[in-house]
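Reviewing the structure listed below.
Being a predicted model, the structure only gives us computed values, none of them experimental.
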Amino acid sequence: MSKPNLEIALIQTTLAWHDAEANREHFAGLLDQATGADLIVLPEMFSTGFSMESNELAEDAGGPTTGWLLKQAARLEAVVTGSIIVRAADGRCFNRLLWARPDGSLAHYDKRHLFRMAGEHKHFSAGDRQALFEVKGWRVRPLVCYDLRFPVWSRDPHNTDLLLYTANWPAARRQHWNRLLPARAIENLCYVAAVNRVGTDGNGHAYAGDSQVLDAEGECLLQAGAGDGVYRATLSAQALADYRERFPAYRDADAFNLL
């Protein structure tokens, strides 16, 4: 029996620079518009903006933004996800995607590829493993921003249904974003959903948005453009299964292991 369709909501908006409380308040209002979604996705570093001031801005694991995410997930009866700056017990800082479930449980994925052109590798520690989460029977693999440029890390050894990217991707390289996302969908024969921000950050970098959802053929199901708000799409499990049956390129994929 095919799994049910997945209702996904992407929140594309501006971010208050280095002000977690203001961002939580802002997103709480937007989340009200996502009622009924199964999975709600916020941008990368949604509580602070894309900042390298990791020591000053990091929250301990289980800190206020984590608690807020879990509260929103329970309130909306949906998975709510996005990345924040987290300080681990050993003192290292991570750009950590939090996966808050409505039952109060929490999982995470630490960004693997740190954006050296902004010095991210000097202020954060890199994750060392892929993650695979489930919602309504859908196998979802989260990735963060710069990870998009690395097809081996994005490559699917898990029969993934949905690749999920959360980002602060600058407008200066929006063409790369809009070309790489369809490539990831096509080569992995899965849906791709990607959330970016809009506006200008505290470093003067502009963001064009372009949050989107693509099917396994790289066709766009949703394109947010430069808008500010909540964008929704329905993912069809049957359509995905039918396409993989018609075009089973995964059967000829090269086997490999990530070390």
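- The main-chain N or O of L222 is never found under 3.5 Å from a side-chain atom of R232 such that the two would form a donor-acceptor pair.
- Counting non-hydrogen atoms of other residues, nucleotides and ligands closer than 6.0 Å to NZ of K136 gives a total above 12.
- Side-chain N or O atoms of D60 include none that pairs as donor or acceptor with a backbone N or O of G63 at under 3.5 Å.
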* Applying salt bridge (Lys or Arg N to Asp or Glu O under 4.0 Å), run through D147 and R112 and close with a yes or a no. => CA-CA 7 Å; D147 286 334; R112 169 67 172 175; over 6 Å; no
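- Side chain of N196 to backbone of G209: a donor-acceptor contact under 3.5 angstrom is found.
- Cluster membership check: V230 does not share its hydrophobic cluster with V41, using side-chain heavy-atom separations under 4.5 Å among Ile, Leu, Val, Met, Phe, Trp and Tyr.
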* Could you give me the CA-CA distance, side-chain angles and deciding distance for S154 and R184, then say whether side-chain hydrogen bond (donor to acceptor under 3.5 Å, both in side chains) is met? => CA-CA 7 Å; S154 294; R184 298 293 90 88; 4.8 Å; no
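- Contact annotation: the side chain of E134 never approaches that of V140 to less than 4.5 Å [non-hydrogen atoms, C-beta and beyond].
- Using a distance-only test at 3.5 Å, with no hydrogens or angles considered, no donor-acceptor pair links the side chain of R92 to the main chain of A126.
- In terms of heavy atoms, R101 sits closest to A107 at NH2-CB, 3.7 Å.
- F124 has its side chain within reach of M52: a pair of non-hydrogen atoms, C-beta onward, lies under 4.5 Å apart.
- Taking CG of N95 as the start and CD1 of I84 as the end, the distance is 9.5 Å to the nearest 0.5 Å.
- Counting only distance, with no hydrogens or angles, the side chain of Q223 and the backbone of G225 share a donor-acceptor pair below 3.5 Å.
- For the residue pair H205 / T200, no side-chain donor-acceptor distance below 3.5 Å is found, with atom types taken as modelled.
- Both L235 and L143 are members of a single hydrophobic cluster when ILVMFWY side chains are connected at heavy-atom separations under 4.5 Å.
- Ion pair R24/D19 not flagged as a salt bridge, since none of the NZ, NE, NH1 or NH2 atoms sits closer than 4.0 Å to an Asp/Glu carboxylate oxygen.
- Side-chain contact check for Q72 versus L70: every heavy-atom pair is 4.5 Å or farther apart.
- In summary, the side chains of T65 and E59 do present a donor paired with an acceptor at a separation below 3.5 Å, with no hydrogens or angles considered.
- Every residue was checked against the ring pair (Phe, Tyr, Trp, His ring centres under 6.0 Å) condition with Y250, not counting sequence neighbours, and none meets it.
- Remark: the N178 side chain and the D210 side chain contain an N/O donor-acceptor pair separated by less than 3.5 Å.
- A salt bridge links D161 and R244; the closest N-O separation between the charged side-chain nitrogens and carboxylate oxygens is under 4.0 Å.
- For E56, the CD atom counts as densely surrounded, since its 6.0 Å shell holds more than 12 non-hydrogen atoms of other residues, nucleotides or ligands.
- When side chains are defined from C-beta on, I8 does not count as touching D38, because their heavy atoms never get closer than 4.5 Å.
- One finds the CZ atom of R87 at 11.5 Å from the OG atom of S125 (value rounded to the nearest 0.5 Å).
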* Asked: Please walk me through it: do H108 and D110 pass side-chain contact (heavy atoms from CB on, under 4.5 Å)?
  -> CA-CA 7 Å; H108 73 265; D110 291 329; 3.6 Å; yes
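- Hydrophobic clustering (side-chain heavy atoms under 4.5 Å, transitive across Ile, Leu, Val, Met, Phe, Trp, Tyr) keeps V192 apart from L132.
- Counting only heavy atoms from C-beta outward, the side chains of C145 and Y165 never approach each other to under 4.5 Å.
- Under a cutoff of 6.0 Å and an axis angle of 45°, R149 and Y146 do not form a cation-pi pair.
- Remark: the backbone N or O of E217 is paired with a side-chain donor or acceptor of D215 at under 3.5 angstrom.
- For Y191, the ring pair (Phe, Tyr, Trp, His ring centres under 6.0 Å) partners two or more places apart in sequence, or in a different chain, are W138.
- Across W99 and F133, no two heavy atoms sit closer than the pair CD2-CD1, 3.3 Å.
- The heavy-atom pair separating A237 from P4 by the smallest distance is CB-O, 4.0 Å.
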* To do: I would like to know whether E7 and T234 meet side-chain hydrogen bond (donor to acceptor under 3.5 Å, both in side chains); could you show each step before the answer?
  => CA-CA 5 Å; E7 300 292 332; T234 301; 2.8 Å; yes
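- Side-chain contact check for F50 versus P43: every heavy-atom pair is 4.5 Å or farther apart.
- Salt bridge K111/E120: present, at least one basic N to carboxylate O contact under 4.0 Å.
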* Kindly indicate, with the supporting measurements, whether the criterion side-chain contact (heavy atoms from CB on, under 4.5 Å) is fulfilled by T81 and I40. => CA-CA 6 Å; T81 188; I40 305 168; over 6 Å; no
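- Here R96 contributes atom CZ and M45 contributes atom CE; the two are 12.5 Å apart, rounded to the nearest 0.5 Å.
- T48 places a side-chain heavy atom less than 4.5 Å from the side chain of I85.
- Residues S236 and A239 come closest through the heavy atom pair OG-N, 3.0 Å.
- Note on Y109: it clusters hydrophobically with W169, by side-chain heavy-atom contacts below 4.5 Å among ILVMFWY residues.
- With hydrogens and angles left out, the side-chain atoms of R139 and T160 include no donor and acceptor closer than 3.5 Å.
- D228 and T13 form a side-chain donor-acceptor contact under 3.5 Å, judged by distance and modelled atom types alone.
- To the nearest 0.5 Å, the span separating CG on L42 from CG on L31 amounts to 6.0 Å.
- Taking every heavy atom of both residues into account, Q212 and W177 meet most closely at NE2-NE1, 3.5 Å.
- Partners of F27 by ring pair (Phe, Tyr, Trp, His ring centres under 6.0 Å), not counting sequence neighbours, listed by chain and number: F46.
- Y231 and Q12 make their closest contact through CE1-CB, 4.2 Å (heavy atoms, listed as atom of the first residue, atom of the second, distance).
- Annotation: the span from T35 atom OG1 to R75 atom CZ amounts to 7.0 Å, rounded to 0.5 Å.
- Atoms CD1 and CG, on I186 and L181 in that order, are 11.0 Å from each other to the nearest 0.5 Å.
- Side-chain contact between L214 and L221: absent, with no pair of heavy atoms (C-beta onward) separated by less than 4.5 Å.
- A donor-acceptor pair under 3.5 Å is formed between the side chain of N168 and the backbone N or O of E44.
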* How far apart are the C-alpha atoms of L98 and S83, what are their side-chain angles, what is the distance that settles it, and do they pass the side-chain contact (heavy atoms from CB on, under 4.5 Å) test? -> CA-CA 6 Å; L98 300 175; S83 91; over 6 Å; no
* To do: Go through H18 and N23 one step at a time and tell me if the side-chain contact (heavy atoms from CB on, under 4.5 Å) criterion holds.
  => CA-CA 9 Å; H18 291 186; N23 284 311; over 6 Å; no
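- Both L15 and L30 are members of a single hydrophobic cluster when ILVMFWY side chains are connected at heavy-atom separations under 4.5 Å.
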